**Q** 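Quick one: the structure is below, questions incoming.
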Amino acid sequence: MLHTVNKSPFGSNSLETCLKMATSGSTVLLIEDGVYAALKDSSVAETIAQAMGTVTIAALAPDLAARGVADKVMDGIKLVDYSGFVDLVCETDKTTAWL
Amino acid sequence: MSDEMMDEGGTIKKFAYINRKAPYGTIYALESLEVVLIGAAFEQDVSLFFLDDGVFQLTKGQKTDGIGMKNFSPTYRALEMYDVEKLYVSEEALAARGLTADDLLVDVEVVADSEIAGMLDEQDVVLSF
Amino acid sequence: MAIELNGKTYETDEEGYLLNLNEWDRDVAEILAKDEGVDMTESHWEVIDFLREYYDEYQIAPAVRVLTKAIGKKLGKEKGNSKYLYELFPYGPAKQACKIAGLPKPTGCI
C-alpha cells in the first residue's frame with residue numbers, strides 16, 4: 001500500500017497516525033506540507049528513522065524545493081518527482097491519503 | 001468514482017472510509033457521511049473507521065442550535081438501514097480523549113490501532129476524510 | 001422564490017423545496033402537491049407523515065431503497081414496495097414526496 005501525508009508533522013498528527021497504520025513493506029510518500037517531516041535534525045527525525053526500518057519513506061522533491069528545504073533532507077529518504085509519484089501509485093494495489 | 005473503483009462484473013469490493021476529523025470545525029465529517037450514504041446504493045462491502053479526532057463525530061448529545069449548523073449526528077444511526085454495519089473505532093483514539101464506547105451514539109466495535117492497520121491492508125479501496 | 005398562503009410566506013429554493021422545514025404545515029403541503037400534480041389522499045399523507053418522522057429522527061431524507069424497506073416495516077408489506085410508492089408519487093417517491101413533506105432533496109438524489 002502507498003500512503004500519502006500532506007500535513008506538517010509539527011501541526012498535525014497525520015504522520016503519526018499514518019506510521020501506526022502503515023504495515024511492513026508499504027511506502028509513505030510525503031507531499032505538500034508533509035515534506036517538512038523529511039528534515040534532518042527535526043524533532044520527528046528520530047520517528048522517521050525508526051519507520052525506515054519497516055517502510056520506505058519518500059518525499060516529493062518539487063514540494064521540498066518550493067519550501068526551500070531541499071538541501072536539509074535526512075539520509076535514506078527516497079526523492080521522487082511527479083512522474084515518480086505516478087509510478088508509486090501504479091506500482092501499488094491501493095493508496096491511502098492521510099489528510 | 002472511476003470504473004476501476006466500482007465493481008466489475010458484479011464482484012463486491014471492500015470499501016473503507018477513514019474518518020479522522022471532528023464534526024463541525026471542518027466539512028470533512030459531513031462530506032464523508034454523505035459519500036457513505038450515496039455510495040451505499042452500490043451495495044459494496046463497506047467499513048467505516050474512526051481514528052484520531054474522528055471519534056468525536058460519534059459522541060452522544062450533540063446540540064448545534066447555538067452554532068447555526070445542522071446536527072448530523074443522528075444520521076449515523078440511519079447507517080444500519082443503508083446496510084452499513086461495520087463501524088470500527090480506534091481504542092487508542094477513544095482513550096486519549098477520555099471517552100468510552102458508552103459515550104458514542106451508535107454501536108461500534110472498538111479496535112486497537114495495530115489491528116486496524118491489518119484491516120486496512122485487506123481493503124480494495126480506501127477513502128480518506 | 002416563495003409561496004404565499006393565508007397571509008403566510010413560505011420561502012423555497014429554485015426547485016420549489018421549502019427552505020425551512022419547520023414552517024411546513026398541511027396547507028402548504030397541499031399547495032406543493034398541487035404543483036407536482038399529486039392529489040393528496042390518506043395513503044399519500046401516510047407516506048408524508050412517515051417521511052417527516054424519519055427526518056425528525058435521522059436528519060436525512062431516506063434513499064428510495066431505504067424508504068420502501070422502512071415503509072414495509074411500519075405500514076405493512078403491501079405498501080413496502082416501489083410499485084406502490086411510485087403509484088402514489090409517479091415522479092419518484094424520494095423527489096416528490098420529500099418536496100411535499102417539506103424536506104430537503106434527498107442526499108444522492110439526481
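Letters A, B, ... are given to chains in the order of the sequence lines, protein chains preceding strands, and every chain is numbered from 1. Quantities reported herein were computed from a predicted structural model and do not represent experimental measurements.
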**Q** Is chain C contacted by the side chain of Ala40(B), its backbone, both, or neither, given a heavy-atom distance below 4.5 Å?
**A**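 Contact with chain C is through both the backbone and side chain of Ala40(B).
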**Q** Does any backbone or side-chain atom of Glu80(B) lie under 4.5 Å from a heavy atom of chain C? Answer side chain, backbone, both or neither.
**A**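 Neither part.
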**Q** With sequence neighbours excluded, give me every side-chain hydrogen bond (donor to acceptor under 3.5 Å, both in side chains) pair touching residues 61-72 of chain B.
**A**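 As it turns out, the side-chain hydrogen bond (donor to acceptor under 3.5 Å, both in side chains) pairs with a partner in residues 61-72 of chain B, which skip direct neighbours, are Tyr24(B)-Gln62(B), Tyr24(B)-Asn71(B), Thr59(B)-Gln62(B), Lys70(B)-Tyr55(C), Asn71(B)-Ser73(B).
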**Q** Within the side chain of Tyr82(B), is there an N or O that forms a donor-acceptor pair under 3.5 Å with the backbone of Ala63(C)?
**A**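 Indeed, once roles are kept as given, a pair shorter than 3.5 Å links the two residues.
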**Q** Taking the side chain as everything from C-beta on, heavy atoms only, tell me whether Met81(B) gets closer than 4.5 Å to Leu67(C).
**A**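 A side-chain contact under 4.5 Å is absent here.
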**Q** Answer whether the closest heavy-atom distance between the side chains of Arg65(C) and Asp83(B) falls below 4.5 Å.
**A**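 Touching, per the 4.5 Å side-chain cut-off.
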**Q** Inspect the surroundings of CG in Asp39(C) and state if more than 12 heavy atoms from other residues, nucleotides or ligands are less than 6.0 Å away.
**A**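 Result for CG/Asp39(C): open.
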